[in-house]
*Asks:* 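Mind looking over this structure? Questions follow.
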Amino acid sequence: MDILLTILGFLFMLLGILGSFLPILPGPPLSWIGLLLLYLTHAVPNNWLFLGITLAVALIVFALDYIIPALGTKKFGGSKYGVLGTTIGLLVAIIFPVLGVFGIIIWPFVGAFIGELLNRTDSKTAVKAAFGSFLGFLTGTFIKFLVAVIYLGFFIMKAWEYKGSIFSF
């Protein structure tokens with residue numbers, strides 16, 4: 001059972017990293033579930049303080065992911081249409097990967113720009129707001145990715161430390 005929990009935990013870690021870039025998956029909370037699964041093995045001693053702190057960080061980062069793009073857009077003079085356009089642009093990049101990896105960068109910007117134009121904003125302000133929304137999106141994505149990678153590091157360190165107990169046949 002310990003091997004199964006460890007493998008499932010590792011899969012959740014990978015999903016968490018993937019979720020840092022895909023808006024459909026909540027990256028850091030998925031990574032936290034991976035940590036939880038590792039700590040639920042009989043081999044790794046429970047550390048509820050560590051799990052509580054990492055859960056709090058995961059939930060805060062998850063909430064900030066919705067707040068940061070809005071703050072970036074407002075900081076650069078945009079509206080909620082710019083934020084909505086950024087989200088739609090990201091979904092377009094995921095569903096229709098026309099521009100490949102660059103689509104994840106280009107389409108949110110284009111979406112924010114179009115959203116601001118639909119809000120009847122002049123093109124100069126729309127570009128500025130789209131840039132703010134785009135920076136907010138990149139910042140949120142970077143923070144989610146950073147937390148997911150740190151959690152993966154915690155996971156690997158603990159799994160390595162207790163590898164003899166986890167994989168004892």
Side-chain angles (χ1 to χ4, degrees), residues 4-41 44 47-76 78 80-115 129-161 166:
L4 178 64
L5 286 172
T6 303
I7 291 171
L8 282 174
F10 185 72
L11 290 175
F12 270 94
M13 286 291 160
L14 296 179
L15 273 176
I17 290 174
L18 188 60
S20 299
F21 299 102
L22 301 176
I24 299 167
L25 299 173
L30 287 174
S31 292
W32 182 83
I33 290 172
L35 283 175
L36 176 66
L37 290 172
L38 180 66
Y39 276 89
L40 289 177
T41 63
V44 179
N47 185 344
W48 297 111
L49 178 63
F50 173 76
L51 287 172
I53 291 170
T54 53
L55 175 62
V57 169
L59 293 176
I60 289 168
V61 169
F62 179 72
L64 283 176
D65 189 42
Y66 293 100
I67 297 169
I68 291 174
L71 292 176
T73 301
K74 289 184 187 211
K75 176 91 171 145
F76 284 81
K80 62 183 173 184
Y81 289 95
V83 175
L84 181 62
T86 301
T87 304
I88 292 171
L90 184 61
L91 291 174
V92 166
I94 292 167
I95 295 170
F96 305 108
V98 176
L99 299 174
V101 175
F102 297 109
I104 295 237
I105 297 170
I106 294 169
W107 287 117
F109 180 85
V110 169
F113 180 74
I114 291 171
F131 183 70
S133 181
F134 173 69
L135 278 180
F137 163 74
L138 285 182
T139 303
T141 300
F142 176 74
I143 292 170
K144 290 188 303 183
F145 177 72
L146 186 64
V147 168
V149 168
I150 289 170
Y151 285 7
L152 177 63
F154 288 152
F155 183 93
I156 291 171
M157 285 183 349
K158 274 298 173 195
W160 187 259
E161 182 179 347
I166 294 171

*Asks:* Hey, what do you get for CG (Leu38) to CE (Met157), rounding to the nearest 0.5 Å?
*Replies:* 11.0 Å
*Asks:* Does Leu51 form a side chain to side chain contact (heavy atoms under 4.5 Å, CB included) with Leu55? I'd like the steps, not just the answer.
*Replies:* CA-CA 6 Å; Leu51 287 172; Leu55 175 62; over 6 Å; no
*Asks:* So which atom in Thr6 and which in Thr41 form the shortest heavy-atom distance, rounded to 0.1 Å?
*Replies:*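 Heavy-atom minimum between the residues: OG1-CG2, 3.8 Å.
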*Asks:* Measure across Tyr151 and Ser31 and return the closest heavy-atom pair with its distance rounded to 0.1 Å.
*Replies:*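 Smallest heavy-atom distance, with atoms named: CD2-CB, 3.8 Å.
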*Asks:* Measure the CD1-CG distance between Ile60 and Asp65 for me, rounded to the nearest 0.5 Å.
*Replies:*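 Between atom CD1 of Ile60 and atom CG of Asp65 there are 14.0 Å.
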*Asks:* Supply the atom-to-atom distance Thr141 OG1 to Leu146 CG, rounded to the nearest 0.5 angstrom.
*Replies:* 12.5 Å
*Asks:* Are the side chain of Ser20 and the backbone of Lys144 linked by a donor-acceptor contact shorter than 3.5 Å?
*Replies:* yes
*Asks:* Of all the heavy-atom pairs spanning Gly115 and Tyr81, show the shortest one and how long it is.
*Replies:*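 Shortest heavy-atom contact: O-CB, 3.2 Å.
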*Asks:* Roughly how far apart are Leu11 CG and Ile33 CD1, rounded to 0.5 Å?
*Replies:*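 These two atoms lie 12.5 Å from each other.
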*Asks:* Return the minimal non-hydrogen interatomic distance between Pro28 and Val147, and the atom names on each side.
*Replies:* CB-CG1, 3.9 Å
*Asks:* Let me confirm one number: the CZ-CG distance from Phe10 to Leu15, rounded to the nearest 0.5 Å.
*Replies:* 11.0 Å
*Asks:* So which atom in Trp32 and which in Ala58 form the shortest heavy-atom distance, rounded to 0.1 Å?
*Replies:*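 Minimum heavy-atom contact is CB-CB, 4.3 Å.
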*Asks:* State the CG-CG distance between Leu35 and Leu152, to the nearest 0.5 angstrom.
*Replies:* 9.0 Å
*Asks:* Name the orientation class of the two ring planes belonging to Phe145 and Phe21 (parallel below 30°, tilted from 30 to 60°, perpendicular beyond 60°).
*Replies:*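 Rings of Phe145 and Phe21: tilted, as their planes differ by 30° to 60°.
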*Asks:* How far apart are the C-alpha atoms of Leu135 and Phe131, what are their side-chain angles, what is the distance that settles it, and do they pass the side chain to side chain contact (heavy atoms under 4.5 Å, CB included) test?
*Replies:* CA-CA 6 Å; Leu135 278 180; Phe131 183 70; 3.2 Å; yes
*Asks:* Look at the aromatic rings of Phe154 and Phe50 and report parallel, tilted or perpendicular, splitting at 30° and 60°.
*Replies:* perpendicular
*Asks:* Taking the side chain as every heavy atom from C-beta outward, state whether Ile68 and Ile143 have any pair of such atoms under 4.5 Å apart.
*Replies:*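 Of all side-chain heavy-atom pairs linking Ile143 with Ile68, at least one is under 4.5 Å.
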